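Data block below; observations after.
These figures come from a predicted structure and were not determined experimentally. Note that ligands are numbered from 1 as they come in the structure, with each ligand's atoms numbered from 1 the same way.
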Amino acid sequence: MNKIIYLDNAATTKTRPEVVEAMLPYFTEYYGNPSSVYEFSNQSKQAISHTREVIAKALSVKPNEIYFTAGGTEADNWAIKAAAEAYESKGKHIITSKIEHHAVLHTCQYLERKGFQVTYLDVDENGLISLEELEKAIRPDTTLISIMFANNEIGTVEPIEEIGKIAKKHGVLFHTDAVQAFGHIPIHADQCNIDMLSASGHKLNGPKGIGFLYIRTGLKLGSFIHGGAQERKRRAGTENVPGIAGLGKAVEIAVNTMEERSRKEKELRDYLIEKVMASVPYTRINGHREQRLSNNVNFAFQFIEGESLLIMLDMAGICGSSGSACTSGSLDPSHVLLAIGLPHEIAHGSLRLSLNEENTKEEMDYVAEKIKEIVERLRNMSPLYEDFVKKNLK
Ligand code: PLP
């Protein structure tokens, strides 16, 4: 096989050709600034309104509750910092979880340095938060709960509807980072009592550098980027019109294909998991077995180093990840894998493969075969494995 097998769709996805096509006219033909008054800029204005409507429909919310951002990171920063500031007079306590993306964790740490208090909830061995622990953590000065919809490393989907109920019962705002879930799992924001939701274009076959924050009507959230009057004075800066047009097309397609796509991905995911688990001993699957993203596979192989496995898979044409893209390059094991209780040495031997509907069974056969071969080779070089085998043969 000499083509690339791309299994890193949680890091980013291929932009669909229909999406690129939808973007092109806004670079060359309809390049007017949407804030301008002349008719020429109407096409740009319309592209923005159209995408706002498409997203609002997908979440069952109102179009004027959608605010475009430069991606998931900005949306997370905005939601958490602005909510903390807006409701500061009520209290300075925030609840989140230990397995959030760094866009949330580092924002919370920033707020701690500014005098806020943050509770980082533990998760169980599957990556699920405890609803009882969540309710116990709520204090009179708690203003915000920020819990991700689905985890980017191990794929676990959190009990969002139940979290929303608890937040509502206690009068606390609920933000969810849905960057990995939006366009992949049906989301009804109101039914889940979600007050703010972050999402990103490049995780659903849309362009990079564009995302949005849903802000429920009535929230006092202030502006995050100061300047002009764009986005109803809440997010200044000339709009990324081609990006917004592309995001609209990507969301439209993602919503229309969700059911069939998830079914295909799940089938391939389970096929790959079963093949690898059956052929590679001392392997575990990280993340919840059922409550997980349809395209997420995360293995922990004992006695090997995930980075070496990644390099050797790369040489075989397979793109995967040893954790989140943001933590790769660092030698610390992933905070998510440590939070689910994996010891350092096992966390280090983890591999995340995130599929897409274009993958095939033949590719999964090839990947499973390569994993088996490479893990065996790496274990044969591992003194830890040698000790283990000797001990067990005695
Ligand atoms: N939140 C989660 C769960 C993510 O997986 C990512 C990206 O990996 C982000 C936030 C950041 O999104 P973006 O790359 O659009 O800034």
Side-chain angles (χ1 to χ4, degrees), residues 6-15 19 55 66-81 96-110 120 123 127-129 146-158 160 163 175-185 187 194 196-214 224-225 235 237 240 243-244 246-247 250-251 254 286-288 292-298 319-330 334-337 339-340 352-356:
Y6 184 75
L7 299 180
D8 205 14
N9 289 276
T12 198
T13 56
K14 179 166 85 178
T15 313
V19 169
I55 295 172
I66 303 299
Y67 296 84
F68 295 109
T69 64
T73 301
E74 184 192 321
D76 285 342
N77 269 263
W78 183 9
I80 297 168
K81 287 179 189 163
T96 187
S97 83
K98 288 189 178 165
I99 62 163
E100 299 297 311
H101 189 272
H102 284 138
V104 168
L105 288 179
H106 290 171
T107 301
C108 287
Q109 286 159 14
Y110 164 84
Y120 298 91
V123 292
L128 287 175
I129 66 146
S146 179
I147 302 287
M148 70 200 320
F149 210 109
N151 184 267
N152 46 304
E153 293 191 40
I154 55 174
T156 299
V157 178
E158 298 296 334
I160 293 299
I163 297 171
H175 164 250
T176 186
D177 173 343
V179 167
Q180 294 288 338
F182 181 69
H184 299 275
I185 301 177
I187 303 179
I194 295 169
M196 293 171 284
L197 176 146
S198 313
S200 179
H202 73 111
K203 309 289 186 178
L204 51 117
N205 303 101
K208 294 172 180 57
I210 186 75
F212 68 87
L213 179 65
Y214 154 70
F224 182 58
I225 305 278
R235 200 279 187 180
N240 172 0
I244 293 173
L247 175 63
V251 174
N286 297 322
H288 198 284
R292 86 186 286 132
L293 290 169
S294 55
N295 71 343
N296 175 285
V297 177
N298 194 312
C319 306
S321 155
S322 63
S324 69
C326 311
T327 51
S328 65
S330 118
S334 131
H335 64 284
V336 177
L337 299 177
I340 62 170
R352 177 187 73 184
L353 300 173
S354 38
L355 325 182
N356 68 62

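- With hydrogens and angles left out, the side-chain atoms of Thr107 and Asn77 include a donor and acceptor closer than 3.5 Å.
- The shell of residues lying under 4.0 angstrom from ligand 1, judged by heavy atoms, excludes Glu74.
- By the criterion of a heavy-atom distance under 4.0 Å, the side chain of His202, and not its backbone, is placed next to ligand 1.
- Between Ile129 and Ile163 there is a side-chain heavy-atom pair separated by less than 4.5 Å.
- Checking Ile99, Ile210, Asn151, Asp177 against atom 2 (C) of ligand 1, the nearest heavy atom belongs to Asp177.
- Only the side chain of Met148 comes within contact range of ligand 1, with a heavy atom under 4.0 Å; no backbone atom does.
- Of the options Trp78, Phe182, Tyr67, a ring pair (Phe, Tyr, Trp, His ring centres under 6.0 Å) to Phe212 is made by Phe182 and by none of the others.
- Within the 3.5 Å criterion, the main-chain N or O of Ile99 finds a donor-acceptor partner in the side chain of Asn151.
- Within the listing of ligand 1, atoms 15 (O) sit less than 4.0 angstrom from a heavy atom of Gly71.
- Taking the ring centre of Tyr6 as origin, the terminal cationic atom of Lys14 falls outside the region bounded by 6.0 Å and 45° from the ring axis.
- Ligand-side atoms of ligand 1 in range of Ser200: 13 (P), 15 (O), range being under 4.0 angstrom from any heavy atom.
- Proximity of Thr73 to ligand 1, defined as any heavy-atom pair under 4.0 Å, is shared by backbone and side chain alike.
- Using modelled atom types, no side-chain atom of Thr96 and backbone atom of Ile147 make a donor-acceptor pair closer than 3.5 Å.
- Contacts between Asp76 and ligand 1, counted as non-hydrogen atom pairs separated by less than 4.0 Å, involve the side chain only.
- The ligand atoms of ligand 1 that sit less than 4.0 angstrom from a heavy atom of Lys203 are 6 (C), 7 (C), 8 (O).
- At least one N or O atom of Gly72, backbone or side chain, sits closer than 3.5 Å to an N or O atom of ligand 1.
- Between His101 and Asp177, some side-chain heavy-atom pair lies under the 4.5 Å cut-off.
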